Amino acid sequence: IVTGTTHTPYPRLPEFLEKYPHHANKEEGFLNTVYYLDWGIGQLVQRLKKQPWFDRTIFIITADHALAHYQAGGFQDRFHIPLIVYAPKIFEPKSINTVWSEVDVFSSMVDILGLRGKYSSLGVSFFNPDAKSLALIREGPVMGMIGNQGYLRHSLKNRLETGKFNQHVKEQYFDILEKRLLVVDKLVFEMLKERNHHTSHQGVVLADCDLRNGAVRSEQGPIHSNPVEIYCLAQHTHASPDIHTRRSLNYCPDHSLYY
């Protein structure tokens with residue numbers, strides 16, 4: 001399910017949903033649509049609870065990008081989007097404060113569904129305790145990496161900027177970020193080149209990709225599923241960089257879906 005209400009021009013909403021004076025293009029209108037989105041998700045979940053498959057369904061609520069000109073804070077906050085994994089009969093409520101990327105969502109879905117097989121992905125599962133926490137970002141032609149300790153902006157030829165999230169970060173940390181960023185660039189090129197030259201009877205070339213360690217091995221094979229369903233609710237906000245991080249992963253308790 002993809003929502004578009006939080007995009008400009010912001011629509012006029014029923015009076016009980018307008019917490020601020022309405023404006024089609026300013027922050028007040030945006031905040032009203034966020035309140036509406038929050039209310040709408042709550043209404044949807046209450047209805048879906050009546051379905052026999054609700055207890056074995058996993059809901060993933062996220063956004064495609066941040067709304068940078070309304071957000072205060074450091075560099076990483078310009079890419080901060082929500083991520084909520086909601087399955088009250090499957091997960092215990094908890095919050096994890098770390099850095100992940102949108103590209104990790106697919107791998108995480110495969111992981112929590114217990115699927116087996118090879119598939120193409122640049123991400124890792126955020127349910128894997130051994131996975132390295134990183135986020136790939138883009139600002140026009142500028143690429144970057146954000147980790148738990150700092151960030152790197154890069155032209156793919158030269159470093160443009162680095163930033164530390166605490167004073168104890170060593171310079172070698174940015175060497176690691178740079179190496180992984182360049183590995184991603186090479187990996188994407190090789191995967192696209194391979195996809196252009198190979199097709200399988202299933203119509204897809206599957207690849208075993210280890211983004212964090214820079215390895216890739218292509219292979220075809222079946223993926224088997226178990227009877228757990230996923231809904232992905234993607235909240236659209238305003239135009240901004242389109243590959244982003246999320247710094248909070250919330251397992252929501254049954255009585256609350258609000259972030």
Side-chain angles (χ1 to χ4, degrees), residues 1-48 59-86 95-105 135-148 150-155 160-163 165 231-253 255-259:
I1 300 174
V2 179
T3 65
T5 309
T6 49
H7 270 284
T8 54
Y10 306 121
R12 193 69 191 248
L13 299 170
E15 185 176 352
F16 79 96
L17 292 171
E18 291 195 342
K19 302 299 179 181
Y20 303 91
H22 172 71
H23 197 287
N25 297 295
K26 292 186 178 180
E27 186 175 12
E28 292 85 352
F30 169 70
L31 293 174
N32 286 335
T33 62
V34 170
Y35 183 80
Y36 164 72
L37 177 70
D38 189 55
W39 173 84
I41 292 174
Q43 294 291 305
L44 174 65
V45 169
Q46 290 304 314
R47 292 187 181 185
L48 295 183
F59 296 85
I60 296 179
I61 303 170
T62 188
D64 60 341
H65 53 73
L67 196 62
H69 55 282
Y70 290 155
Q71 291 179 259
F75 176 82
Q76 70 275 23
D77 294 312
R78 291 161 51 189
F79 304 91
H80 183 187
I81 61 174
L83 174 65
I84 301 173
V85 178
Y86 179 66
S95 178
I96 301 173
N97 185 29
T98 188
V99 175
W100 295 107
S101 173
E102 284 179 340
V103 298
D104 297 322
V105 173
L136 175 68
I137 59 123
R138 181 174 70 85
E139 298 177 287
V142 176
M143 301 298 294
M145 278 280 185
I146 297 179
N148 282 321
Y151 69 87
L152 166 76
R153 297 176 70 245
H154 207 284
S155 70
L160 301 177
E161 181 184 358
T162 60
F165 296 155
Y231 276 74
C232 189
L233 306 178
Q235 173 196 342
H236 281 253
T237 52
H238 197 273
S240 189
D242 59 359
I243 304 178
H244 315 273
T245 68
R246 53 186 61 78
R247 294 191 63 82
S248 296
L249 171 61
N250 293 309
Y251 298 88
C252 298
H255 63 271
S256 175
L257 190 62
Y258 302 108
Y259 182 77

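Hydrogens, waters and symmetry mates are skipped; everything else that's a heavy atom, side chains included, is used. Values in this document were obtained by computation on a predicted structure and should not be read as measured data.
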Note to self: Counting C-beta onward and ignoring hydrogens, is there a side-chain heavy-atom pair between His23 and Asn25 closer than 4.5 Å?
What the structure shows: yes
Check: Do Glu102 and Ile81 have side-chain heavy atoms sitting under 4.5 Å apart?
Finding: yes
Checklist line | Atom pair OG1/NE2 of Thr162 and His154 - distance to nearest 0.5 Å | finding: 11.0 Å
Notebook entry, point to check: Can you name the nearest heavy-atom pair linking Trp100 to Ala135, along with the distance?
Noted result: O-CB, 3.6 Å
Item checked: side-chain contact (heavy atoms from CB on, under 4.5 Å) between Glu18 and Arg12, worked out -> CA-CA 8 Å; Glu18 291 195 342; Arg12 193 69 191 248; 2.8 Å; yes
Notebook entry, point to check: Do you know which two heavy atoms are closest between Phe79 and Ile137, and how far apart they sit?
Noted result: CZ-CD1, 3.8 Å
Next item on the list: May I ask you to test the Ile41-Phe59 pair for a side-chain heavy-atom distance under 4.5 Å?
Entry: no
Check: CD1/Ile60 to CG/Leu83 distance, rounded to the nearest 0.5 angstrom?
Finding: 7.0 Å
Check: Can you name the closest pair of heavy atoms from Val45 and Tyr86 and give their distance?
Finding: CG1-CE2, 3.6 Å
Next item on the list: With rounding to the nearest 0.5 Å, note down the distance linking NE2 in His7 to CG in Asp64.
Entry: 5.5 Å
Note to self: Is the ring pair Phe75/Tyr151 parallel, tilted or perpendicular, if the boundaries are 30 and 60 degrees?
What the structure shows: parallel
Checklist line | Smallest separation among heavy atoms of Thr33 and Thr5, with atom names | finding: CG2-O, 3.5 Å
Notebook entry, point to check: What heavy-atom pair brings Tyr10 and Lys26 nearest, and what distance separates the two atoms?
Noted result: CE1-O, 3.4 Å
Next item on the list: With rounding to the nearest 0.5 Å, note down the distance linking CG in Leu152 to CD in Glu161.
Entry: 9.0 Å
Note to self: What's the separation between atom CG in Asn32 and atom CD in Glu27, rounded to the nearest 0.5 Å?
What the structure shows: 10.5 Å
Checklist line | CG on Leu17 to NZ on Lys19, rounded to 0.5 Å | finding: 7.5 Å
